[in-house]
Amino acid sequence: MTSTIDEAAPVQRNANRVGWLADLGTALRSSAVFILLAALLLGFSAAEPAFANLGNLMSILQAVAVVAILGAGVTVTLAVGGFDLSIGAIAASSVMAASYAMIVWGLGAIATVLLVLAFGALIGLVNAFLIVRLKVPDLLATLSMMFLLSGLQLIPTAGRSISAGLILPNGTTATGVYDPAFLLIGRANLAGIVPVSVVLMALVAIALFVLTERTRIGRLLFATGGNAVATRLAGASTARLKMLAYVISGTLASLGGIVIAARVGRGDVSSGGSLLMDAVAAALIGFAVLGKRRPNVLGTIVGAVFVGVLLNGLTMLNAPYYTQDFVKGAVLVGALALTYGTVRSPSP
Amino acid sequence: MSTASPDETGDAIHLDGIVKRFDGALALNHASLRVRRGTVHGLVGQNGAGKSTLIKLLAGLHQPDEGRIKIDGEAYDRLTPHRVEELGIHFIHQDRLLVPTFTVDEALFLGREPRIAGTPFLDRRLMQRRASEILDDYFGIKLPNSALISELSTAEKQIVQITRALLDQPKVLVFDEPTAALVRREADILFRLIRRLRDEGVTIIYISHYLNEIEELCDTVTVLRNGEDVATLPLGETSAAAIARLMVARDIADLYPKRDVTPGKDILTLERLSAHGKYQDVSLTLRRGEVLGLTGLLGSGAKDLIRTLFGLESASSGQITINGKPVRSVNPAQAVDRHLALVPEDRRGNGVALDLSVKENITLSSLKRFTRLGFLDFNSERREADDLIRRLEIKTSGCNALVRTLSGGNQQKVAIAKWLSRHSEIYLLDEPTVGVDIGSKVEIYNLIGDLAARGAGIIVLSSDLPELIGITDRILVLFRGSIISEFTSSQTSPDDVLAASTGSSEVLRHVG
């Protein structure tokens, strides 16, 4: 009888021979989104030269900035194995809150921004309290929060949109206006080229990327999502980690709301309709980026940009606006198929 | 039960020279399995030896890269699960899911519901009659037809699976680890059933980790190792010990390597520790270099005691002293800080995070050491992981492989490596080798010995008594929440320990 070690040797050699093909496949899968993105950029530039000018590229980024910021928050809650359905509603209420703060209370830009961010963080904290302390399942907790906020944002103004000269429910007229400094967040360009919102998106992306991929806390966030019990047994406080994730998610959603408010310059009751779906889609498309198969900030940003490029390019080629949701859905289906459909069959 | 057309070979199943690769990794390397008609044929091998791959090929779930599959003397090229079932081959498997919300009848006839002639309507009466005939004939039991699958016990679910197969008058039945979740009495019923089916002409393939079952039940056994069939033997000419040797290619006498370590200072002391309704007045001392066994039946309080030590439950009174310092309340984070380590029984559920990498699991509790100003130091983290992978001989394609892809034994090594990386000193090991193949078991025993030799204190909770005796210095037996006996491991036998844990030695003492 030969020894175990002797038998293992030929097995290893066989594995190597087929190995490089598998490696190539893996490499292709993990860069598929980038390859497609490059193909889109080239294709659209060829078909419509105006597509490739700097202004248009910036407008693409500006268009996806809010979705990318919210998506980064979704990524963090997905990382801890949770889900935050309330982000769209948080962003929408933040638009109303910012408008109310400036127009009714007459606050300045800085006070308004801080107040709205605190509002987002507070909602995140309430979500976390429901989920971590009261053990309400995350989907249900954040779904109820979504309902609650959609209603809450209508109450102070009795359902009216907020703009200068708003007549309050008690009959008086609001005297405040949007602080011009606040509007810069949505409208100004740094060095005349890069929109402030794009800078914000980049900062959020970098901060969250570093947090999730390079720090101990980030690792523990993923560990919590991977196996909360094992992580707790390893000595980490999974309750605090989950709380952190929902607070980040809520805060980023309110930042998204600030950008929207600064862009439109008024508080529309109907703003933020498709934000939740778009942000979740970006995060899910992100699973396929670099073949990570798990939530990751870089992937989310790429996912958001990918959809933005596609929509912008198709619009330039005169695709009607009503095809947009279909295109987003198709991209998402494709990305998920790429993520899950190509999982290698586990060896026995 | 069925009369197969006789052919020259008399083989019901003949898998010949099967080669199967997964992503380049060789799972089966010219493996053969030849099962004679009307026999019970055992199939054994360590995890990863290729058993399940071989069975999946037979089930038509995978196709072989090389080799032939012959059924009743006829070669088949591309088997599908459906075709296999048509050929009368059925599989009884733990994980074969029955739809939990179906009734017994619905589950039994799923996919081949009899209809009232000439109509599309289900013939419920016929379904009920045929089901109760078989249940009564083979098992002598009645299952309420309207019971939901989710309401049945594991044994009853298995009966439903077997009945489902019997309704088709099978020629071959494949049992995959059928007794893993059964108690002895239920297993005996199963064995009687298998013998009866064999006598009725059904061919049985029986896969099990439990070699005593193979010895008891099978006519022939095939041993797989590293994807090859290393032997096919009639049971009359072999023994469980010989089979085990073939499986691991190693002498089983070395199964319980025990180091001689002179115990050092006290590292953990419990004084009159009590928790209402769980355990009372438990006092024990664990010393450095000592391996202390803890055992007891379900509800004896042994598990609660371990959980209390790690801060997952709280004691109502008593004193815990760790390294000479009295300890008040603990939570898991504080327990980890005090160099305690818990390797829980439910490895996949609580011990490791399956979808994180080996590296991420190994450094999970010691991340602070690989963090500078909050930022991870990937290089030193990777070095640590590689180092532990080497030291513990964790078989993995690399430190970035997902733990999910590892075998049970190697997952367990990862669960332990996590605490080695944390420099833990008191190890609480809850059923450390459950579901682990023999080869990995020995490696885990060796690891426990190493830890003791380095001055760690180890508490092993195990219901595998030969194992407990083999690897510990002392054994404490809990019965109804109290320590009822203490044994010196080198001077006791499984029977004594078992008697103590069932409380029978106490009865004897009272009587005598």
Quick check on the interface: out of [options], who has the most heavy-atom pairs with chain A under 4.5 Å?
{"options": "Lys20(B), Arg404(B), Glu381(B)", "result": "Glu381(B)"}
{"options": "Pro332(B), Gly374(B), Ala333(B)", "result": "Gly374(B)"}
{"options": "Leu312(B), Thr363(B), Leu373(B), Leu364(B)", "result": "Leu364(B)"}

Using heavy-atom distances under 4.5 Å, tell me whether [X] contacts chain A through its side chain, its backbone, both, or neither.
{"X": "Phe370(B)", "value": "neither"}
{"X": "Phe375(B)", "value": "both"}
{"X": "Lys368(B)", "value": "both"}

Taking non-hydrogen atoms and a cut-off under 4.5 angstrom, which of [range] neighbour chain A?
{"range": "residues 420-430 of chain B", "answer": "none"}
{"range": "residues 393-402 of chain B", "answer": "none"}
{"range": "residues 341-356 of chain B", "answer": "Leu342(B), Pro344(B), Arg348(B), Gly349(B), Asn350(B), Gly351(B), Val352(B), Ala353(B), Asp355(B), Leu356(B)"}

**Study point:** Contacts of residues 206-220 of chain A with chain B (heavy atom under 4.5 Å)
**Key:**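 Hits under 4.5 Å: Val210(A), Glu213(A), Arg214(A), Thr215(A), Arg216(A), Arg219(A), Leu220(A).
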Quick check: does any side chain N or O of [X] sit under 3.5 Å from a backbone N or O of [Y], one acting as donor and the other as acceptor?
{"X": "Thr231(A)", "Y": "Ala223(A)", "answer": "yes"}
{"X": "Ser31(A)", "Y": "Phe34(A)", "answer": "no"}
{"X": "Tyr246(A)", "Y": "Ala121(A)", "answer": "no"}
{"X": "Thr142(A)", "Y": "Asp84(A)", "answer": "no"}
{"X": "Glu228(B)", "Y": "Asn29(B)", "answer": "no"}
{"X": "Ser365(B)", "Y": "Gly235(A)", "answer": "no"}
{"X": "Lys56(B)", "Y": "Leu61(B)", "answer": "no"}

To check you understand the geometry: which heavy-atom pair defines the closest contact between [X] and [Y], and what is its length?
{"X": "Gly73(A)", "Y": "Leu252(A)", "result": "N-CD1, 3.5 Å"}
{"X": "Ala141(A)", "Y": "Asn127(A)", "result": "O-OD1, 4.2 Å"}
{"X": "Met201(A)", "Y": "Ala68(A)", "result": "SD-CB, 3.5 Å"}
{"X": "Ala335(B)", "Y": "Phe310(B)", "result": "CB-O, 3.6 Å"}
{"X": "Leu54(B)", "Y": "Ala31(B)", "result": "CD1-CB, 4.5 Å"}
{"X": "Val74(A)", "Y": "Ala283(A)", "result": "CG1-CB, 3.7 Å"}

Exercise for review: Taking the side chain as every heavy atom from C-beta outward, state whether Ile459(B) and Leu309(B) have any atom pair closer than 4.5 Å.
Suggested key: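 Counting from C-beta outward, Ile459(B) and Leu309(B) do come under 4.5 Å.
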Practice item. Let me see the working for Leu340(B) and Trp419(B) under side-chain contact (heavy atoms from CB on, under 4.5 Å), right down to the final yes or no. Key: CA-CA 8 Å; Leu340(B) 263 82; Trp419(B) 299 113; over 6 Å; no
**Study point:** Engaged part of Ser237(A) at the chain B interface, taking heavy atoms whose separation is under 4.5 Å
**Key:**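 For Ser237(A), there is no contact with chain B at all, as no heavy atom is under 4.5 Å.
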Practice item. State, without any angle test, whether Thr77(A) and Ser249(A) hold a side-chain donor-acceptor pair at a distance under 3.5 Å. Key: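 No, because no side-chain N or O of Thr77(A) sits under 3.5 Å from a partner of the opposite role on Ser249(A).
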Could you check whether atom [atom1] of [X] has more than 12 heavy atoms from other residues, nucleotides or ligands sitting under 6.0 Å from it?
{"X": "Lys418(B)", "atom1": "NZ", "value": "yes"}
{"X": "Arg240(A)", "atom1": "CZ", "value": "no"}
{"X": "Arg232(A)", "atom1": "CZ", "value": "no"}

Review point. Between atom CG of Leu367(B) and atom CD of Glu384(B), what is the distance when rounded to the nearest 0.5 Å?
Key: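 It comes to 10.5 Å.
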